[in-house]
Protein chains: 2
Amino acid sequence: METEKGSRNDPLVDGDPGGEQLPQPEVADIELVKVLQALGDPVRLWLLKVYADGDQYSCRPGALGLDHLHKSTVSHHMRILRESGVTSTRVVGRNRYVRLRREDLDARFPGLLDALIGALPY
Amino acid sequence: METEKGSRNDPLVDGDPGGEQLPQPEVADIELVKVLQALGDPVRLWLLKVYADGDQYSCRPGALGLDHLHKSTVSHHMRILRESGVTSTRVVGRNRYVRLRREDLDARFPGLLDALIGALPY
DNA sequence: GGTGCTGTTTGATGGTTGTCAAACAGTTTC
DNA sequence: GAAACTGTTTGACAACCATCAAACAGCACC
C-alpha cells in the first residue's frame, strides 16, 4: 500500500497524528508522588526538556539526545513517563508520537509544569 | 545548670532558635533532580505538608504523624530532605528545629514550591 | 516477500533504597 | 550521677531500579 496519510518526512502539524493511544492514567488518577518519582531521574528530566521543546515522532536514543543509552533503556524511561501521566504516546506506523500532557497536568497541578520547565538546568 | 535560653515548652517565636546548623547545600548547589528525588516518596511528601504548615521542634515520629515508622527511618528521611536542600535543621538541646527553606527554594526554582504545596493530596 | 528499521518485552545484574533493630551520643531532669 | 528522652549511626535485609543484551513483533521500503 502507498502512504495515504503522510510519510515520515511530513512536517509536524497541529492536528491528530492518528494511531492508537498507548495506555495512560486518567487526569484525575495522576498522582503527584508518581510524577515526582518519574522526574527524579536525570534521564527523564532530560526528556522533559526535550518534550517541552516540542513533540517528537521518534523514540530512537539518537533522536532524543540519549545516544549513550540502549534503546530498551529508553523504552523503559518512556513507559515510566507515560504511566505516571507526564507524556502521551500514539503509535504511528513504526514510530511513536510522544507529547507532553500539558493541559492535563496544568488542570491537575496548576503551575507545576511551568515551574518545573523553568527550573530545568539545560 | 538551669535553663537559660528557654525551656522546651516555650512558644515558637519567629527569631533565631539558636543551636548549630546541620550541613546543607548552598542555594546555588541545590539540584532540581535531587529535590524531585527527595519528594518522590510518600513519607517525604507527607513531611513537606507538615513543614509547609509550620516549623517543627521535634523529629519524633509521633510528633510528625509518622507513628507507624521507626525513629531511625524518620531520621533517614529527614537527612535526605536536608541534604537535597528542602529543609534546614538546627540542633536545639536534644531536639531538632526543622523548617522549610522557602526563600532559598523560591530563589532557586521560582514558583516550584508553591505549586508543589498546592498539589499535595492532603 | 525479504530486508531493514523502530520499538517492546524478558531476563540478568549490579546498585540504590526504605525499613527495622540495636548500639550509641547528648541533653534534660530528678 | 542516674534515669529518661531525642535523635544519629551502623548493619542487615528485602524490594526496587537503571541498565544492557537478546529475542521478538510490526511496519516500511525496495
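Side-chain atoms are counted along with the backbone in the values below, which use heavy atoms only and exclude waters and symmetry mates. In what follows, chains carry the letters A, B, and so on, assigned in the order in which the sequence lines appear, proteins first and then strands, with residues in each chain numbered from 1.
- As a whole-Å value, the separation of B:Leu81 CG from C:dG18 P is 11 Å.
- In this structure a side-chain-to-backbone donor-acceptor pair under 3.5 Å is missing from B:Arg99 to B:Gly54.
- In this model, the phosphate group of D:dC16 is not approached by any side-chain N or O of A:Gln37 to a distance below 4.0 Å at OP1 or OP2.
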Show each protein N/O and nucleotides 7-14 of chain C N/O combination with a separation under 3.5 Å, one pair to a line.
residue: C:dG7; atom: OP1; partner: A:Cys59; partner atom: N; Å: 2.8
residue: C:dG7; atom: OP1; partner: A:Arg96; partner atom: N; Å: 3.4
residue: C:dG7; atom: OP2; partner: A:Ser58; partner atom: OG; Å: 3.4
residue: C:dG7; atom: OP2; partner: A:Cys59; partner atom: N; Å: 3.0
residue: C:dG7; atom: OP2; partner: A:Arg60; partner atom: N; Å: 2.7
residue: C:dG7; atom: O3'; partner: A:Arg96; partner atom: NE; Å: 3.4
residue: C:dG7; atom: N7; partner: A:Lys71; partner atom: NZ; Å: 3.2
residue: C:dG7; atom: O6; partner: A:Lys71; partner atom: NZ; Å: 2.6
residue: C:dT8; atom: OP2; partner: A:Ser75; partner atom: OG; Å: 2.5
residue: C:dT8; atom: O5'; partner: A:Ser75; partner atom: OG; Å: 3.4
residue: C:dT9; atom: OP2; partner: A:Arg79; partner atom: NH2; Å: 2.5

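- Remark: P of C:dG18 and CD of B:Glu83 are 13 Å apart, rounded to the nearest angstrom.
- For the pair B:Asp67 CG and C:dT19 C1', the interatomic distance rounds to 16 Å; values are reported in whole Å.
- B:Met78 places a side-chain heavy atom less than 4.5 Å from the side chain of B:Leu47.
- Atom C1' of nucleotide C:dG18 and atom CG of B:Leu45 are separated by 16 Å, given to the nearest angstrom.
- Distance CG (A:Asp41) to C1' (C:dT16): 12 Å, rounded to an integer number of Å.
- Residue B:His77 has a polar side-chain atom (N or O) positioned under 4.0 Å from OP1 or OP2 of C:dT19.
- Defined by atom type and a distance below 3.5 Å, a donor-acceptor pair is present between the side-chain atoms of A:Gln21 and A:Ser88.
- The pair A:Arg108-A:Asp104 does not count as a salt bridge, with every side-chain nitrogen at least 4.0 angstrom from each carboxylate oxygen.
- A:Arg82 and A:Gln24 are not linked by any side-chain donor-acceptor pair at a separation below 3.5 angstrom, with hydrogens and angles left out of the test.
- Rounded to an integer number of Å, the gap from A:Leu69 CG to D:dA21 P is 11 Å.
- A perpendicular orientation is assigned to the rings of B:Trp46 and B:Tyr122, their planes being inclined by more than 60° (bins at 30° and 60°).
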